[in-house]
Peer 1: 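The structure follows.
No experiment lies behind these values; they were computed from the predicted model shown.
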Amino acid sequence: FADLGRRFHKLIQQHIEGISIDALTQSTNEPELARWWPNYLASLKSNLSDLPSDRRAEMAISIPFHKHRLTAHIDLIAVHADRIVIIDWKTERKRPARDQLLKRMQTRVYRYVVTEAYQRPPGMISMIYWFAEFPDPPEVLQYDAAQHAGDRDFLNQVLVEIEARAQAEGEWDKTPDERKCAYCTYRSLCNRGSSAGVIDPEAEDYDREFSIN
């Protein structure tokens with residue numbers, strides 16, 4: 001299922017970059033892709049029709065963050081002089097509740113990074129979660145100054161905790177939720193698997209594609 005999600009993201013990227021719909025449709029033989037692809041094309045004419053025309057797919061955006069860099073890997077960003085829209089394509093089997101999406105690390109990092117990178121007021125930034133299985137309506141998360149300040153404080157605290165634990169002696173505590181180990185490249189070092197984990201970016205409990213380095 002994760003491979004289908006990656007292929008779907010690649011189809012959208014190729015479409016944004018100018019490959020014809022007819023050519024791409026030939027690659028949608030699996031039942032899931034055969035559902036998701038028409039849903040995507042229909043949404044471009046309906047609930048995603050007003051996106052700014054300057055669109056860039058699979059874009060990494062990085063900002064200085066204290067002594068580190070905070071990077072977001074964004075599925076699609078659409079930019080206009082008076083607004084910026086972040087779009088994340090989801091192929092999850094269940095649609096999360098809105099309050100869960102607002103609490104996701106992905107939501108907080110993406111909107112914070114874009115606001116800082118583009119130097120725009122937070123009110124000009126919004127993020128859309130578009131669900132291939134549940135395309136209508138997309139989940140639109142507007143941003144504002146209060147949320148931005150809260151995200152800054154939250155991310156600062158996360159970084160402080162990471163740095164403190166990195167400097168502490170001894171091993172870090174292992175997560176009690178071993179399901180998360182399935183996505184960890186280093187799980188064999190903790191004796192929680194004999195080989196590297198396979199990252200499933202569409203797993204319900206996996207916050208995807210951001211980093212602090």
Side-chain angles (χ1 to χ4, degrees), residues 1-62 71-79 84-97 100-101 104-107 109-111 113-114 126-141 179-187 193-211:
F1 199 80
D3 181 62
L4 286 172
R6 286 189 289 270
R7 288 171 59 190
F8 181 63
H9 279 71
K10 185 64 175 180
L11 282 170
I12 296 177
Q13 179 184 4
Q14 291 173 317
H15 176 237
I16 297 299
E17 292 174 351
I19 297 179
S20 72
I21 291 174
D22 289 342
L24 293 171
T25 300
Q26 296 176 15
S27 303
T28 60
N29 296 325
E30 289 87 346
E32 291 86 357
L33 292 177
R35 282 198 311 276
W36 301 342
W37 183 241
N39 286 348
Y40 162 74
L41 296 176
S43 286
L44 291 180
K45 298 179 180 180
S46 57
N47 49 43
L48 297 179
S49 62
D50 65 341
L51 292 178
S53 58
D54 182 3
R55 304 174 188 179
R56 301 183 185 184
E58 302 301 327
M59 186 175 180
I61 301 176
S62 181
T71 303
H73 297 268
I74 294 174
D75 289 347
L76 180 68
I77 186 165
V79 180
I84 298 176
V85 184
I86 307 160
I87 302 95
D88 197 76
W89 316 111
K90 292 296 188 188
T91 56
E92 299 174 15
R93 294 180 176 89
K94 294 196 306 181
R95 178 169 179 154
Q100 292 178 318
L101 293 172
R104 279 190 177 181
M105 182 72 81
Q106 182 183 8
T107 303
V109 170
Y110 279 29
R111 296 192 301 180
V113 166
V114 168
S126 63
M127 182 169 180
I128 295 176
Y129 283 103
W130 183 90
F131 296 90
E133 293 282 8
F134 316 97
D136 190 19
E139 198 69 64
V140 181
L141 306 179
R179 294 176 303 169
K180 296 180 178 178
C181 300
Y183 315 130
C184 180
T185 303
Y186 308 103
R187 67 181 180 178
S194 58
S195 60
V198 177
I199 294 177
D200 181 355
E202 302 305 332
E204 184 176 351
D205 57 352
Y206 181 77
D207 272 318
R208 67 188 294 269
E209 299 204 0
F210 63 89
S211 61

Peer 1: Do the side chains of Thr28 and Thr25 get nearer than 4.5 Å, heavy atoms only?
Peer 2: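 Answer yes - side chains close enough.
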Peer 1: Using every non-hydrogen atom in the two residues, find where Pro38 and Leu33 come nearest and quote the distance to one decimal.
Peer 2: CD-O, 4.0 Å
Peer 1: Of the non-hydrogen atoms in Pro52 and Val85, which two are nearest, and what is the gap between them?
Peer 2: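 Closest approach of Pro52 to Val85, heavy atoms only: CD-CG2, 3.9 Å.
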Peer 1: Taking the inter-plane angle between the rings of Tyr40 and Trp130 on a 0 to 90° scale, is it parallel (under 30°), tilted (30 to 60°) or perpendicular (over 60°)?
Peer 2: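 Taking Trp130 first and then Tyr40, their aromatic rings stand perpendicular (interplane angle over 60°).
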Peer 1: Which residue, Phe134, Phe131, Phe8, forms the ring pair (Phe, Tyr, Trp, His ring centres under 6.0 Å) with Trp36?
Peer 2: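 The single option meeting the ring pair (Phe, Tyr, Trp, His ring centres under 6.0 Å) with Trp36 is Phe8.
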Peer 1: What's the shortest heavy-atom distance between Ile128 and Pro138, and which atoms?
Peer 2: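 In terms of heavy atoms, the two residues are closest at CG2-CB, 3.6 Å.
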Peer 1: Decide side-chain contact (heavy atoms from CB on, under 4.5 Å) for Val114 and Met127; before the verdict, give the C-alpha distance in whole Å, the side-chain angles of both, and the deciding distance to 0.1 Å.
Peer 2: CA-CA 10 Å; Val114 168; Met127 182 169 180; over 6 Å; no
Peer 1: Please name the pair of heavy atoms, one in Lys94 and one in Pro96, separated by the smallest distance, quoted to 0.1 Å.
Peer 2: O-CD, 3.4 Å
Peer 1: Quick one: CD on Gln14 to NE2 on His9, what's the gap to the nearest 0.5 Å?
Peer 2: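 So the CD of Gln14 and the NE2 of His9 are separated by 13.5 Å.
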Peer 1: Which distance, rounded to the nearest 0.5 Å, do you find between the OG1 of Thr107 and the CD1 of Ile86?
Peer 2: 9.0 Å
Peer 1: Within this structure, what is the CH2-CD distance for the pair Trp89 and Glu58, rounded to the nearest 0.5 Å?
Peer 2: 10.0 Å
Peer 1: Closest heavy-atom contact between Gly5 and Thr91?
Peer 2: CA-OG1, 3.8 Å
Peer 1: Quick check against the 3.5 Å criterion: does Asn47 have a side-chain atom that pairs as donor or acceptor with the backbone of Pro135?
Peer 2: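 The answer is yes, because a donor-acceptor pair under 3.5 Å joins these two groups.
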Peer 1: Hey, what do you get for CE (Met59) to CG (Asp75), rounding to the nearest 0.5 Å?
Peer 2: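 So the CE of Met59 and the CG of Asp75 are separated by 13.0 Å.
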Peer 1: For the CD1 atom of Ile77 and the CZ atom of Arg55, what is their distance to the nearest 0.5 Å?
Peer 2: 13.0 Å
Peer 1: Do the charged groups of Arg95 and Glu133 touch, with an N to O distance under 4.0 Å?
Peer 2: no
Peer 1: Is Arg104 paired with Glu139 through a side-chain N to carboxylate O contact shorter than 4.0 Å?
Peer 2: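 Here Glu139 does not pair with Arg104 in a salt bridge, since their nearest N and O are not under 4.0 Å apart.
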Peer 1: Could you check whether any side-chain heavy atom of Tyr129 comes within less than 4.5 Å of a side-chain heavy atom of Glu92, counting everything from C-beta outward?
Peer 2: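 SC-SC contact between Tyr129 and Glu92 ruled out.
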Peer 1: Considering non-hydrogen atoms only, spot the tightest contact between Ala60 and His73 and give its length.
Peer 2: CB-ND1, 3.6 Å
Peer 1: Say you draw a straight line from CD1 of Ile87 to CG of Leu51; how long is it, rounded to the nearest 0.5 Å?
Peer 2: 4.5 Å
